[in-house]
Number of protein chains: 2
Amino acid sequence: MMAAQQPTFKALADPTRREILRQLADADMTIAQVSNNFDMTRAAVKKHLTVLSDGGLITVRTKGRERINALNPEGFAPVRDWLGFFEQFWDDRLTDLKTAIEKDHSND
Amino acid sequence: MMAAQQPTFKALADPTRREILRQLADADMTIAQVSNNFDMTRAAVKKHLTVLSDGGLITVRTKGRERINALNPEGFAPVRDWLGFFEQFWDDRLTDLKTAIEKDHSND
DNA sequence: TTGACGTAATACCAAATGGTTTCATATATA
DNA sequence: TATATATGAAACCATTTGGTATTACGTCAA
């Protein structure tokens with residue numbers, strides 16, 4: 001389990017790729033459909049899709065001569081986990097702070 | 001409000017920078033302290049810290065001739081928001097699916 | 001005030017990145 | 001079968017990135 005997070009974060013570093021993900025939330029799309037929404041060549045978009053696929057953020061299924069790209073919810077797990085580490089860390093610190101304050105007030 | 005997310009995601013794309021963040025969770029550190037934990041020059045670490053600062057993920061305070069680097073919880077908001085969009089999206093889709101199933105079963 | 005220390009700033013380099021163009025391959029369709 | 005369509009793949013290019021080394025600057029302490 002516990003997929004490597006590097007390919008995921010690498011994939012998310014480019015604004016075009018994040019925009020592609022946002023658009024795939026609306027509908028699954030072929031490479032041609034995705035590239036219609038961007039001012040760059042189909043080849044460039046294809047490269048971005050490859051990076052997204054390597055990062056596990058999308059899945060690709062073949063339908064005849066078309067490749068249909070779709071979001072892969074599981075691929076977002078590395079980001080969830082990474083963020084979770086820090087959120088948990090801050091939660092714990094807040095809890096510790098509260099505990100310390102209560103302890104202090106017990107001296108009133 | 002609503003900080004630009006590009007500098008944030010850019011900052012998170014490098015494994016060294018994510019490791020620096022993890023270490024800053026344990027304790028605030030000067031540049032020299034951070035660079036002691038990595039097999040690269042202080043100058044290289046300093047560049048990473050600059051990128052992290054540009055991304056809003058850390059804050060730097062001056063204490064004499066030292067610069068103390070610390071995590072900035074607010075800087076994580078772009079990631080929280082970005083992830084939240086997709087989580088919300090999937091939640092809604094799941095809810096819609098459940099509703100559709102219930103509706104279908106009402107024909108029994 | 002004079003070093004020593006912590007950091008900033010710059011120039012430089014190799015490799016990665018994001019784009020292009022061109023050509024090849026596989027599948028639909030007339 | 002012949003042609004159009006959808007994609008894959010490779011070569012190429014400019015810019016960015018992540019590292020280095022070197023030098024300069026501010027601050028502490030003897």
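Reminder, nothing fancy here: chain letters follow the sequence lines and each chain counts from 1. Reckoned from all heavy atoms, side chains included, excluding hydrogens, waters and symmetry mates.
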Can you tell me the distance, in whole Å, between the [atom1] atom of [X] and the [atom2] atom of [N]?
X: A/L49; N: C/dG19; atom1: CG; atom2: C1'; answer: 15 Å
X: A/F38; N: C/dT20; atom1: CZ; atom2: P; answer: 13 Å
X: B/E66; N: C/dC5; atom1: CD; atom2: C1'; answer: 10 Å
X: A/I68; N: C/dT27; atom1: CD1; atom2: C1'; answer: 14 Å
X: B/D14; N: D/dT17; atom1: CG; atom2: P; answer: 11 Å
X: B/D54; N: C/dA8; atom1: CG; atom2: P; answer: 13 Å
X: A/I31; N: D/dT7; atom1: CD1; atom2: C1'; answer: 6 Å
X: A/Q33; N: D/dA6; atom1: CD; atom2: P; answer: 10 Å

Is there a side-chain contact between [X] and the phosphate of [N], meaning an N or O under 4.0 Å from OP1 or OP2?
X: B/K46; N: C/dA8; value: yes
X: A/K10; N: C/dT17; value: yes
X: A/R67; N: D/dG8; value: yes
X: A/R42; N: C/dT20; value: no

Q | Closest-nucleotide 5' rank along DNA chain C - winner of B/N69 and A/A13 | A | B/N69
Q. Given that A/G64 and A/A43 both sit by DNA chain C, which one's nearest nucleotide is further toward the 5' end?
A.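 The residue whose closest nucleotide sits nearer the 5' end is A/A43.
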Q. Is there a side-chain contact between A/L57 and A/L12, using heavy atoms and a 4.5 Å cut-off?
A. yes
(Q) Give me the atom names and distance for the closest heavy-atom approach of B/S35 to B/R42. (A)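 Taking every non-hydrogen atom into account, OG-CG, 3.1 Å.
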Q. Using a cut-off of 4.0 Å on non-hydrogen atoms, how would the nucleic acid contact of A/A32 be classed: base, sugar-phosphate, or nothing?
A. sugar-phosphate
Q.
Mind checking if B/K63 touches a base, just sugar-phosphate, or nothing, with heavy atoms under 4.0 Å?
A. nothing
**Q.** Nucleotide nearest A/T30 (side chain, heavy atoms from C-beta), chosen from C/dT20, C/dG18, D/dT7
**A.** D/dT7
Q | Selected nucleotide, minimal atom distance to B/R17 side chain, candidates D/dA21, C/dT17, D/dG18 | A |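 In terms of side-chain proximity for B/R17, the closest of D/dA21, C/dT17, D/dG18 is D/dG18.
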Q | Ion pair A/D14/B/K10, N-O distance below 4.0 Å | A | no
Q. With a 3.5 Å cut-off and just heavy-atom distances, do the side chain of A/R65 and the base of D/dT5 make a donor-acceptor pair?
A.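 It does, because a donor-acceptor pair links the side chain of A/R65 to the base of D/dT5 below 3.5 Å.
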Q. Is the A/W90 to A/F85 ring centre distance short of 6.0 Å?
A. no
Q. Just checking, any donor-acceptor pair under 3.5 angstrom between side chains of B/K46 and B/T50?
A. yes
